[in-house]
Every structure is written in structure tokens, then in C-alpha cells.
Amino acid sequence: MTFVLDAFDADPGTRQPGSHGTAPGSAPVPDDALLEGLNPQQREAVLYRGPSLLIVAGAGSGKTSVLTRRVAGLIQTREAWPSQILAITFTNKAAAEMRERVQALVGGAAEGMWISTFHSACVRILRRQAESMGMTQSFTIYDSADSRALIKRILKELDADTLGFTPGNVSGKISKLKNELTDAESYSRNVNADDPQEVAFLEIFRRYTAGLRRANALDFDDLIAETVHLFRAFPEVAALYQRRFRHVLVDEYQDTNHAQYSLIRELVRPIKPQHVPEDTRMSVDANGGIPGASLTVVGDSDQSIYAFRGADIRNIVEFERDFPNSKVILLEQNYRSTQNILDAANAVISNNFDRKAKNLFTTVGSGDKIIGYTGYTGHDEAQFVADEIATLHEQGERYSDIAVFYRTNSQTRALEEIFIRSAIPYRVLGGTKFYERAEIKDAMAYLIQVANPADDLALRRIMNVPKRGIGPATEAALQGYADRVGVTLRDALPDAAQLGLGPKVTAAILEFAAILDEATDSAPTTKPADILVKILERTGYIDALRATRDPQDEARIENVEELVAVTKEFARNNPEGTLVDFLTEVSLVAAADELDDSSGTVSLMTLHTAKGLEFDAVFLTGVEEDLLPHRISSGEPGGLAEERRLFYVGITRARKRLYLSLAMTRSTFGDTSVAMPSRYLQEIPAELIEWRQSPGMATSRGGTRSRALNGRGTGSSERFGYGTALPAAPPRVKTEWTNTVTNKVRDNGDLTLAVGDRIRHSDFGEGRVTGVTGEGSKSIAEVLFDQAGRKRLLIKIAPIEKL
DNA sequence: CGCGGTCTATGGGGG
DNA sequence: ATAGACCGCG
């Protein structure tokens, strides 16, 4: 077999500026600017040279800065060319930020570094080497919905749902296996042939693997696992990358799973003499081999929160054993948060036994107390958040420096309703994901079919979208023909006339085939945006949506138009970008990538998405039993410790202000249930929290001690600080009313308000308008309510009437 | 084949 | 509450 050596593969060792493998600590020192402002530990982490380095970086300890300067230092001292550096980050956004910061330090020299996520790096490698795996470079990347769709088909074929298989549990199990690098064949070796369940699963796994292969597709887990398999099956391919990447850096190492760990191991493996080109100028050892690349990993086992997708905390805990002669550097000084916030974080995480002691500290002072609030309902809680955000904004805090966290995505609903009403600009990161909407998946399926005609799954999705009279029967006929002749479904389309179908259907199929073929032919020379627009026109997709009466279709049209805008934006950022590049980028966006600091909006996100981010003010909502810790987690080994780490991650995101809120009742899917304060809340020393409304006050409405707190029977509910944090705790005049927000979107038409008008609000009662800003449907009234105080309301939809 | 109704499973985190 | 599966009818 032969390997195409493109530019980067031209053995970078031949122009290597320095040599690797110098004695630890003896590297040339980069200039002072690079070390400016670093503490001794950080400095050491930047300067240390050796085979492997573990930087244990507590939250907010400046690890991004350290990592960035370490990379910049390698380049500046000419120890490495940029092209010899591979840095793995957790999100694309973090990668972009790191690239920028390195560029700021060393200038344009940073060109050629690989800074990307595990998935992006693997896709890059796999596309280059697709042929060695028997695929084409335009393979499709299946997301979890695509995987499940394929599994669903297989379950149907096998009638396997009777054995208790669902697309969900099958895809979960397959994902887990792949993260352990177990493929269908290695799984088959350990199958108990007497267990029909296992035998059936093996068959499903085999068909799933075959289905992906036939469609020239890989799922998310394959991206990592197949790269490892590729490296192991073709050592000479692995050697290409081992020779190229002399410095490998991995961020958030505590969240790597076994497959990712193995990938790193492969990349930093020493190169055997037979894989060293004769003319290499890299320094070779006594046997003629080349030592492995130097490895730097950064992580914090206290922030490991991805066990559910296979993250193995042992990867970081056992790093020193895995990589002998490792250096370990501990970063404990925190540059992000106030001491009060850190004290709370330290107190919480210290309840996790089995961890290395680590105590974050800062020199910035104690700062404000943590604010606590207990709402009567989730809406009440949301109103508190909205009001506090309004206050912060009035005090000069930018919306983009404020974030609201929650454990589950469904919690956004109440928050969004109140935010809209209160006219607070917000953005939900990774919510109901844009790319998961049906109309977007449809449009994307067209593009995928154009790029990868073998993808039958994509073809089936769009065969009858928009409706063109190709139903299940016709699809089956085409599939049958394709199977008989041994071609893909796409290749069967032009032969539709031979199937004896009706003239109308036949014509529709041929027209459909013509649209796809035309697009495929034009793809190499046409921008993704133009391909998409052409397809939308030719298929009449938008027209079909326009023709219906469904009011939601208007939003769907907007979404498709948004996708067109995305493709145009892509073309601006990547003038040379191909359709496959576009599809890859879209497949790999992470929730945190959507963060836009210049948007001027408050960011809403899950605690998981929040990892690695920081904000001046953080609202951590829903701090309740069954939510944080989540109900399901309590049954899982290590679940409660992981949930505690999640809470810890949330707390440590805050720079200046931290708000912890919960609700006494929370309505989920129709019915309302009583919520208990989270056990983790009690782990925070009482004197750190100032309760605006403590759980006790909320239960008793200003009366005696909380029943809810004693409910858990921990005996330590005194720590809630009721009575200490709020002197005298008078039964406060209720300014936050129990909101029962209706689901139907309210519309006040063109109700206009002027300063001085009296209005009545369904929750806040009567009040006087003190100001009106904004135009038309976006106009906002500022109202001074007689009892609830000052609020801002979006006039068009607020539940108000003019008196 | 397409439509519109009823029924049922599913409500955790993500690349 | 909601999306998708399912079923019977025009």
C-alpha cells in the first residue's frame, strides 16, 4: 500500500530547528515577556522540558495562560516548528482562543499548529487516510440521532424490540463499547452463546457496523476509535504522525476516555528504526529509532464530569504510573474568583473522599457573599434571577459577563419565559439544537447526499421531502432493486423506469435523481451556499413549507434561511472551504462553541457546557435534590461524587458574584412536585451565604424553621444560615409572586403605553409606567409596581392590561 | 399515497 | 407536555 505524502508529511524532522530529548530543565529560556506575571509554579510549567508533564490545574489557576505560553515558548526558542505541535482542547472555541493567544505571543509563526478537539483532529487524520480504511474522504459523520435511526431500522429488520432492545439502549451500549475500543469482532469473542440477549446484540452490533460501512459513514465514537485502529493496523501511518507531532498537549485530561487515552499513547510512542526515513535529520537513538514526542497534559480530577460518556478519571490519577519519569506540577493559586467563592468550592469538594488534597486560594480578598434564594416555584426562582440580572445590568455589568447554569436542559423553559417578559437579552447555548431540527436535518441530508452518495440513510430521509409521492412501497421497490443489482440506493434511482412503477412516481424519482446528480457534479467547483440554495429552489422545499397552514412552518422557513446564512458565513471564513469541510464543521460544533462574547446577551447553559468558561456573575439554579444531584445519578457508582464535582465546576466559574437558587416546587411535564434543597447546599459554610429567601423562609413564608431542611435527617440544617445570614429575618413583603405562567404565547397586539399609565399585571398587581423604550414589538415598559417594585416588561407579551 | 386522528413512550449530561 | 409511531379513511 502507498501513502500520499502531502506537504505536511514531508518529514518535518528535516528542518527541525532544535532537537528533542534534551535533559530536563536545560532548554533555552524564552524571553521575559513570556514569563511575565507568572507565579513560580506556572513558570515551571511553562519552562519544564522532559518526556511527560502533568499540570494539575485547579479551577481558575491560569492553565490556559500556562498552556499558551508553553506552546509559544517552544516556538520562540526554536525547539519546535509550529507544525510539530499538536494541542487538544475540549471545544473548538477553546482551540480558536488558544490559537489567537499563541499568535499574539509569537506572531504569524503560529501558522501550521494543530490546535483542535479530539474529534476534529481525528477527522482530519481519517479524511487523509480514508482509503487505508476502505472509505472515501467524503465520509459522513453520524450524530447520535443518525445512529439511532440506523439502529431503529436494524431492530425492525431483526424484530429485536421484543428482547427489550431500544434504539436508545443499543446505541448507548455500542457507544460504551467503542469508547473501550471494542468493535463487533472483538465483542464476538466474549459473547456467551447461550444468552440469546447477547447473541442478538452481537448481530445488531454487526449490522450496525456493516450499515455504517456501506453508507461510508462513521459515528462520533468511531472518529476516535477508528483513528486508534488505523494507527495500530498501519504502524507506518502512525509513524507519519509520530514524526510530525513532537509536542503533544492535552487539555481537560481528566475527561478523556479510554479511546482518547489510547490515541494519545499511540501518538507519543517512540518510532521504530524501520519507520525512520534514512535521510532524517531528527536525532535518532542508539538503535536508529526516534524517541516519543513530549507529552503535556493539563487537568483537574475535581472537575471530571463526563463519566457518562466514558471519561475515566484513572487516566489522570494514574498518569505518573502510565508515563514513568513524569513531572507533576500543581497550580493552586486562583486568579478568577473571590475567596468567599473559593471557600464554598473548597468546602463542597472536600466532601469527596479519595481525592488528592488541593486547596484553591486567592489574594484578591473575600469579596461579596454568595446570594441564596429559594423561590416558591421554578418561575418564582426565574423571576429572582431576572430581577437580579436587571439590577446587575443597571450597576454597569454587561449582559455577556453574566451566565445562568442549570443541571438539565428542560429547566430553560421557565427561565426563558421570564426573561422574555422581563426583556432580558439572553442566549441558550446548545439548547434545542439548531442542527437537530427536522427542517435543518432535511436540508443537511441533501448536502450529505451530494457529498457522499453512498449514504442511504440521508437519501431515505429526503426521498420524499418535500412530498413527491415516493412512499414506503416505492422506497422498498427501489431498495429491493438496489440489493439485487448490488448498488447503492442513490445509484438505483436513475433505473427507476425498469421497476414498473407508475408513470407519475417514476417521473418524480428521475427528477429527484437529476437534482442530486446535478448538485454532485457541480460540488467540486461550487460553494456550499450555492449548492444549498440551488437544491432548495429545484426541490421547492421552501415553497412546500410556505404552502402549508401550519403556523410553525413560518419558523421552519426562517430556520432554513438561517442555514443558508450559515453556509454564507462559512464561505466568508473559509474561502477555499469545500462542501465536505462545511459538513465536517457543522458535525463537530459543541454547545460551548456557540458562546459569543460580543453578543451582549446573558448566556444560559447546562453545568456541563459551563466547564472551562468563566463569568463575572453566575446564577446556579435548581440546587435541589433530584436535580443536583440528579435523581438518576444516585443509583450509579460514583454518581453522587460526580454530581458534587459538577456543582463544584459551576461554583468555580464565578469571578465576583455567585447566586445559588432553588425552588420549593417544580413543575415537570404537567405535574408539580415538591423539591428539597440539595444536600450539597449544606456543605457550604453558613456564613458564606446571604439568603434573600432561605428554604426555611420559603416553606414557612417567614415563619419558623424549615421542615424541608430537616426532611433529609442530616441534622446539620443549622448550616443553612437561616437566622445568621439574615438578621431578624422579618417576614418580608412579598415582591416575588408565585408565577403561574401560561404556555400560550400572549399577544397584546399593538398595545402602547406611555409614562404615567396605570397597568395591572397578572402576577405583580398594579403599578405605574415610569418609562418606555424600544420600538414596535420590542418596546419595553419600565413599571413601578405598588408592591413588587420596579420591573421591566416586554409590552407585547407581558400579562398586563392598561387601566 | 397522503392525511389526520389517536396512542404511547419519554422525559440526563454531549462530541 | 410533546414528538414520533400507528391506523384507518378518502
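Chain naming here is simple, since letters A, B, ... match the order of the sequence lines and numbering starts at 1 in each.
In this structure, A:R631 reaches neither bases nor backbone, as no heavy-atom distance under 4.0 Å exists between it and the strands shown. Across all strands shown, A:E475 has no heavy atoms under 4.0 Å from either base or sugar-phosphate atoms. Residue A:S144 is classed as a base contact, given a heavy-atom separation below 4.0 Å to a base. Nucleic acid contact class of A:Q411 (heavy atoms, under 4.0 Å, all strands): none. In this structure, A:F90 reaches neither bases nor backbone, as no heavy-atom distance under 4.0 Å exists between it and the strands shown. Heavy atoms of A:N464 sit under 4.0 angstrom from primed sugar atoms or phosphate atoms, though from no base atom. Nucleic acid contact for A:D221: base, since at least one base atom lies under 4.0 Å from a heavy atom of the residue. Contacts of A:T609 with the nucleic acid, taken as non-hydrogen atoms under 4.0 Å apart, involve only primed sugar atoms and P, OP1 or OP2.
Remark: ring of A:F308 overlaps the six-membered base ring of B:dG13 in a stacked fashion, centroids less than 5.5 Å apart, planes less than 30° apart.
Of the candidate nucleotides B:dT10, B:dC3, B:dG12, B:dT10 has the atom nearest to the side chain of A:T166. Of the candidate nucleotides B:dG14, B:dG15, B:dG13, B:dG13 has the atom lying nearest to any side-chain atom of A:T408.
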Please tabulate, one pair per line, each protein N/O and nucleotide N/O from nucleotides 3-7 of chain C that are separated by under 3.5 Å, including the distance.
residue, atom, partner, partner atom, Å
C:dA5, OP1, A:K152, NZ, 3.2

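OP1 or OP2 of B:dG14 lies within a sub-4.0 Å distance of a side-chain N or O belonging to A:T606. At the phosphate of B:dG14, OP1 or OP2 sits under 4.0 Å from a side-chain N or O atom of A:N409.
Rounded to a whole Å, the CG atom of A:D222 is 13 Å from the C1' atom of B:dG15. When rounded to the nearest whole Å, the span between CG of A:L627 and C1' of B:dG12 equals 10 Å. Protein atom CD of A:E436 is 10 Å distant from nucleotide atom P of B:dG15, rounded to whole Å. Distance, A:D593 CG to B:dG15 P: 7 Å, rounded to whole Å.
For A:Y142 and A:Y208, the ring centers sit 6.0 Å or farther from each other. A:F308 has its ring centre no less than 6.0 Å from the ring centre of A:H630.
For a distance-only test at 3.5 Å, the side chain of A:E636 qualifies as a donor-acceptor partner of the base of B:dG12.
For residues 462-473 of chain A, the side chain to side chain donor-acceptor pair (under 3.5 Å) pairs, not counting sequence neighbours, are A:Y446-A:R468.
Where A:P472 and A:I632 meet DNA chain B, the nucleotide closest to each residue was compared, and A:P472 sits on the side nearer the 5' end. Between A:H608 and A:G471, the residue anchored closer to the 5' end of DNA chain B is A:G471, taking for each the nucleotide with the nearest heavy atom.
Remark: the A:Q411 side chain and the A:T408 side chain contain an N/O donor-acceptor pair separated by less than 3.5 Å. Looking only at atom types and distance, the side chain of A:Y648 has no donor-acceptor partner in the side chain of A:N351 under 3.5 Å away.
Below 30°, between 30° and 60°, or above 60°: for A:F405 and A:F615 the angle between ring planes is above 60°, a perpendicular geometry. Aromatic ring pairs are classed by plane angle as parallel below 30°, tilted from 30° to 60° and perpendicular above 60°; the pair A:F220 and A:H119 is perpendicular.
Under the salt bridge (charged side-chain N to carboxylate O under 4.0 Å, His left out) test applied with A:D442, the options A:R460, A:R437, A:R461 reduce to a single match, A:R461.
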